[in-house]
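Here the structure comes first, spelled out in structure tokens, and everything after it is commentary.
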Amino acid sequence: MTTGEVQSSGQKSTAVLWRNRAIMALATVAVLVIAYFILSSFIPRWWAQRLANTVHGSFSSGIWWGLVYGMVFTLVPLLLVVFAVRVWKRKGGKFIAGAAVIIALACALPNLMTLTIVLGGNNAAHAGQRILDVDAPAFRGACLVGAIIAAVLFALVLALMGKRGINRHRAAKAATAPTAPPTPPMTGDR
């Protein structure tokens with residue numbers, strides 16, 4: 001028996017552990033690369049078809065649904081991330097914070113899939129762009145406008161939360177500060 005394989009206490013050596021970790025890491029990377037290539041050729045076409053079925057070639061529907069998708073699927077994930085950060089700071093909130101981040105990513109998927117169509121350079125993205133041009137006009141632009149509106153609303157919410165925190169801090173500081181005895185009024189005679 002070699003010392004590199006198994007130690008006398010029955011535990012694996014660090015070399016074996018690192019070899020196994022490296023094999024697992026390479027297998028994970030290979031699966032992720034294969035999944036990326038499969039999904040990058042499927043998602044843009046599929047998502048463009050779903051949007052086309054929703055909009056039905058109408059400009060007004062394209063604008064409406066674009067604004068809704070852009071606002072909802074930007075604002076909700078951002079608020080969930082803020083919630084996750086606030087929960088993370090509390091003791092024992094790491095599981096809930098992690099779940100909130102996963103839900104935030106799931107909520108952001110519609111905008112991310114639209115982004116793969118807009119910014120993608122492969123054939124599937126170009127096919128998705130053509131589908132949206134014909135069957136979901138004005139959706140992409142309205143989605144961008146909705147996302148910008150959501151980002152501005154999010155910034156306002158953060159500003160209000162920050163102002164409320166500052167006011168709460170000042171009130172707590174004033175409540176705990178010792179009060180000085182009142183000074184007698186000064187008269188003009190000396």
Side-chain angles (χ1 to χ4, degrees), residues 23-90 93-164:
I23 291 170
M24 288 301 294
L26 289 174
T28 302
V29 167
V31 167
L32 289 175
V33 167
I34 291 168
Y36 168 77
F37 284 115
I38 291 171
L39 292 176
S40 69
S41 65
F42 170 73
I43 294 292
R45 287 183 179 103
W46 175 81
W47 183 242
Q49 287 294 331
R50 299 296 68 77
L51 293 175
N53 291 339
T54 302
V55 174
H56 300 295
S58 168
F59 272 96
S60 59
S61 279
I63 292 170
W64 166 253
W65 285 111
L67 287 172
V68 168
Y69 276 57
M71 286 179 64
V72 170
F73 297 120
T74 301
L75 187 60
V76 170
L78 290 173
L79 293 175
L80 281 170
V81 168
V82 168
F83 172 75
V85 168
R86 292 179 65 120
V87 168
W88 181 270
K89 292 179 182 179
R90 296 183 190 147
K94 293 181 181 179
F95 176 77
I96 294 172
V101 168
I102 290 170
I103 294 170
L105 285 172
C107 289
L109 280 177
N111 281 348
L112 293 175
M113 289 188 292
T114 303
L115 200 60
T116 62
I117 295 171
V118 173
L119 298 180
N122 60 4
N123 290 335
H126 293 304
Q129 289 171 1
R130 289 188 300 273
I131 292 168
L132 291 183
D133 286 342
V134 174
D135 294 330
F139 179 86
R140 289 178 284 180
C143 190
L144 175 64
V145 170
I148 292 170
I149 291 170
V152 169
L153 287 173
F154 177 70
L156 289 174
V157 167
L158 283 182
L160 290 175
M161 286 174 56
K163 184 176 180 179
R164 188 181 77 174

Minimum heavy-atom distance between Arg45 and Ala127, given as atom pair plus value
NE-CB, 3.8 Å
Could you give the side-chain donor-acceptor pairs of residues 132-147 under 3.5 Å, partners two or more places apart or in another chain?
residue: Asp133; atom: OD1; partner: Arg140; partner atom: NH2; Å: 2.1

Angle class for the Phe42/Trp46 ring planes (parallel below 30°, perpendicular above 60°, tilted otherwise)?
parallel
If you count the non-hydrogen atoms of other residues, nucleotides and ligands that lie under 6.0 Å from CH2 in Trp65, is the total more than 12?
no
Between Ser58 (side chain) and Val55 (backbone), is there a donor-acceptor pair under 3.5 Å?
no
Supply the atom-to-atom distance Ile34 CD1 to Leu39 CG, rounded to the nearest 0.5 angstrom.
11.5 Å
Indicate the atoms forming the closest heavy-atom contact of Gln129 with Ile117, along with that distance.
NE2-O, 2.9 Å
To the nearest 0.5 angstrom, please state how far the SG atom of Cys107 sits from the CG atom of Leu112.
11.0 Å
Where is the tightest heavy-atom contact between Ala124 and Pro44, given as atom of each residue plus distance?
O-CB, 3.5 Å
Are Met161 and Val157 side-chain neighbours, meaning at least one heavy-atom pair lies under 4.5 Å?
yes
Result block: side-chain N/O donor-acceptor pairs under 3.5 angstrom for residues 72-80, not counting sequence neighbours:
residue: Thr74; atom: OG1; partner: Gly70; partner atom: O; Å: 2.7
residue: Thr74; atom: OG1; partner: Asn111; partner atom: ND2; Å: 2.8

Nearest-0.5 Å distance, CG of residue Leu153 to CG of residue Leu158
11.5 Å
If only atom types and distance count, is the side chain of Thr54 paired as donor or acceptor with the main-chain N or O of Arg50 below 3.5 Å?
yes
Gln49 CD to Leu51 CG distance, which is reported to the nearest 0.5 Å
9.5 Å
Can you tell me how far the CD1 atom of Ile38 sits from the OH atom of Tyr36, to the nearest 0.5 Å?
12.5 Å
